[in-house]
Amino acid sequence: MEVHVDRGRCAGSGLCMSYVPAVFDQSEDDGKVLLKAARPEPGTAAAVRGAAARCPAGAITLSGRDAPGGTDTRGR
Amino acid sequence: MPHESAPVPLHTRRTHFDPADDLRRLTADGPVTRVSLAPGAGGEPLWLVTGHEEVRRVLGDHTRFSTRRRFGSREPAGGDGERPDEGVGLLMDYDPPEHTRLRKMLTPEFTVRRMRRLQPRIEAIVAERLDIMERAGHPADLAELFASAIPGPVLCELIGVPRDDRDDFLRRCHAHLATGRGRQERTAAGSAFTRYLAALVARQRKNPDDGFLGMLVRDHGGDFTDKELRGICVLLMLAGLDNISGMLGLGALALLESPDQLALVRDDPAALDRAVEELLRYLSVPHAPTPRTAVEDITLGGRLIRAGDTVVCSIPLANRDPHLTADPDRLDLTREPVPHVAFGHGIHHCIGAALARMELRIAYTALLRRFPGLRLAVPAQDVAFRVRSTAYGVERLPVTW
C-alpha cells in the first residue's frame with residue numbers, strides 16, 4: 001500500500017496522527033499532516049485505511065494492492 | 001432569545017438520545033428532503049440533508065456550498081467582503097479566501113501536541129469541580145456542577161484569561177452570547193465583554209505571553225486586526241461552551257443508563273478513546289453546522305438543489321445513518337470508530353476537535369474514578385433536556401453516589 005497526503009486540503013485535525021502515529025505526524029509549524037511512512041508496515045494497513053476514511057478533509061488517499069479494502073478513501 | 005412557546009425547530013427535535021420521530025420520518029423520503037424547519041411559523045422551505053454520504057458531500061464542497069449567506073433574516077455579507085461588526089473572526093461564516101487566511105494562522109495553535117500541553121491544567125480544573133460536587137453532597141446536579149462548569153474555565157485557560165478575571169469574564173460572555181446570536185442590539189453586559197476582550201488583546205499586543213492570544217500576536221501580530229482577535233475569542237466561546245457541556249452531561253447520562261457500558265470504560269481507561277468517539281457519534285450534540293447556500297444548481301441525493309437554495313445538514317441523522325455503521329441506534333463503546341461528522345467535515349471541521357477530545361477523555365475518566373458508585377437520583381424519564389440551544393444537552397441531571 002502507498003499513502004498519499006494532500007497538504008493543500010488538510011484541515012489540521014491531527015486525527016490521522018492520533019490513530020497511526022507511526023505513519024502520520026502533525027507539523028508544529030502549520031498544523032498540517034506530515035507523512036512519516038509512505039509505504040507503511042502491512043500490520044498498520046487497517047489503521048491507515050481507517051485514518052484515511054476518517055480524515056475530515058479527505059486529504060489522505062491510498063493506492064496499491066491492499067488499498068481499497070472496501071473503504072472509500074476519497075473523502076466524498 | 002427565542003420565545004418559549006415557539007415550536008422547537010424540526011432539525012433540533014430529539015427524544016432522549018435519539019432524533020425525534022418526526023425528524024427521523026424525513027429519512028424515508030431519501031437523504032435530501034425539502035422541508036420547513038419551523039412549520040407554521042413562517043420561514044422559507046429549505047433542504048435538509050440527512051444521509052451521511054450526502055452530508056459529507058455538502059460540507060466537503062465549499063466551492064459549491066457557501067457558508068457566507070445565512071438563512072432567515074441575516075443579511076449576506078457585502079460583495080466587497082465587508083462584514084457586519086459582530087461576525088468578524090467567526091470562521092464558520094467565512095468562505096475562502098478569507099477563511100483560508102485566518103484558518104491558516106490558527107491551525108498551528110490547535111495541534112494535538114499543543115493541546116496536550118493544556119492537559120495538566122484541564123485535569124486541575126476537572127478535579128476542582130469534582131471537589132465542589134463532593135462537598136455539595138448528594139443528590140447533586142451534575143449538569144450545573146460538572147457539565148456546565150468545566151468548559152468555561154478550560155477556554156479561559158486556552159485563551160489566557162487571568163484566573164482572577166474568569167468569573168466576571170464568563171458571566172459577561174454568557175450574557176453576550178445569549179443576546180449576540182443574530183441580533184444587532186447588545187446589552188450592557190455584552191459591551192462589557194467586548195471591552196474586556198479589547199483590553200486583553202491590547203495587553204497581549206504589548207506583552208505577549210505563551211498563551212494562545214500571545215502566540216497569535218507574536219507569530220502573526222500584524223496580520224490580525226484587533227477586531228479579528230476579539231472575534232476569534234468569541235468564536236472559541238461559541239463553539240466550546242454548549243457543545244462540551246452538552247457532551248459532558250449527555251455522556252454521563254448515557255453511561256449511567258448503560259452500567260455494562262460504563263464498566264467497560266471505568267475498568268479500562270485505555271478503552272476511553274474509542275468510547276469518546278462513539279459517544280460523539282451517538283449523542284451528536286450539535287444539531288447542524290452553519291447552513292450552506294448552493295452557489296449553482298446541484299443534484300444531490302436525487303434532488304435538484306437550485307442556486308441560492310439553503311441547505312441544512314442534520315448531524316444526528318447523518319451519524320445514525322445505517323450506511324455509516326451497523327446498528328447505528330445502539331450505543332456500543334467498543335465499536336470500531338467510524339467517520340462520524342460530530343465535528344463537521346471539510347474546511348470548517350472543528351478547529352478545536354483535539355482539545356474537545358482531550359477534555360472529554362479527562363472529564364469522563366475523573367468523574368468515574370471519583371464517584372465509582374455514581375447513579376441517577378431520579379428516574380431516567382424525569383431528566384430535563386436542553387432543547388433550545390445550538391447544542392443538545394441536559395438541563396438538570398440529579399445524581400447520587
Side-chain angles (χ1 to χ4, degrees), chain A residues 1 3-37 40 42-63 66-76, chain B residues 52-62 64 91 96 99-100 103-117 215 219-220 273-274 276-277 280-281 289 300 323-325 335-358 361:
Chain A
M1 178 201 288
V3 185
H4 315 269
V5 295
D6 181 345
R7 301 192 87 243
R9 286 192 73 126
C10 177
S13 76
L15 206 55
C16 53
M17 168 207 178
S18 304
Y19 278 113
V20 208
V23 175
F24 303 103
D25 199 356
Q26 187 177 22
S27 159
E28 286 297 280
D29 292 334
D30 63 7
K32 295 197 175 194
V33 59
L34 294 173
L35 190 57
K36 287 165 81 177
T44 64
V48 171
R49 280 198 297 272
R54 286 191 280 277
C55 172
I60 303 171
T61 46
L62 309 173
S63 62
D66 49 352
T71 308
D72 180 4
T73 64
R74 289 163 299 158
R76 53 176 59 197
Chain B
H52 177 258
E53 170 71 19
E54 289 74 18
V55 163
R56 296 227 316 179
R57 273 190 59 195
V58 171
L59 300 181
D61 187 352
H62 58 270
R64 294 195 291 175
L91 276 182
H99 177 270
T100 319
R103 176 102 186 192
K104 205 166 129 189
M105 294 190 279
L106 289 171
T107 302
E109 309 300 332
F110 286 90
T111 61
V112 173
R113 278 192 205 91
R114 243 174 238 193
M115 291 304 112
R116 278 183 195 148
R117 276 188 232 155
M215 296 289 268
D219 295 349
H220 307 282
D273 276 347
R274 194 169 279 204
V276 165
E277 287 313 301
L280 286 163
R281 179 196 74 82
L300 183 76
H323 296 101
L324 175 63
T325 186
R335 196 189 291 271
E336 191 67 37
V338 296
H340 65 72
V341 287
F343 290 116
H345 182 72
I347 62 168
H348 292 284
H349 180 267
C350 173
I351 199 168
L355 173 63
R357 288 187 162 100
M358 184 174 66
R361 203 166 53 233

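Looking at every heavy atom in both residues, B:Val112 comes nearest to A:Met17 through CB-SD, 4.1 Å. Nearest heavy-atom pair across A:Ala11 and B:Gly346 is CB-O, 3.9 Å. The two residues B:Arg114 and A:Glu28 make their nearest non-hydrogen contact at NH2-O, 3.7 Å. Nearest heavy atom pair, residue B:Thr107 against residue A:Asp30, reads CG2-O, 3.6 Å.
Ranked by non-hydrogen atom pairs under 4.5 Å with chain A, the options B:His348, B:His349, B:Lys104 are led by B:His349.
Considering NZ of A:Lys32 and OG1 of B:Thr111, their distance stands at 14.0 Å, rounded to 0.5 Å. The CG atom of B:Asp219 lies 9.5 Å from the CG atom of A:Asp29; values are rounded to the nearest 0.5 Å. For the atom pair CD1 of B:Ile347 and CZ of A:Arg9, the computed distance is 10.5 Å after rounding to the nearest 0.5 Å. The NE2 atom of B:His345 lies 7.5 Å from the SG atom of A:Cys55; values are rounded to the nearest 0.5 Å.
A:Ser13 touches chain B through backbone and side chain together, each having a heavy atom under 4.5 Å away. Heavy atoms of B:Val338 lying under 4.5 Å from chain A belong exclusively to its backbone.
At least one side-chain heavy atom of B:Arg357 sits less than 4.5 Å from a side-chain heavy atom of A:Leu15.
Residues satisfying the ring-ring contact (aromatic ring centres under 6.0 Å, His included) criterion with B:Phe110, sequence neighbours excluded, are B:Phe212.
Sorted by first and then second residue, the salt bridge (charged side-chain N to carboxylate O under 4.0 Å, His left out) pairs involving residues 10-27 of chain A (not counting sequence neighbours) are A:Asp25-B:Arg113.
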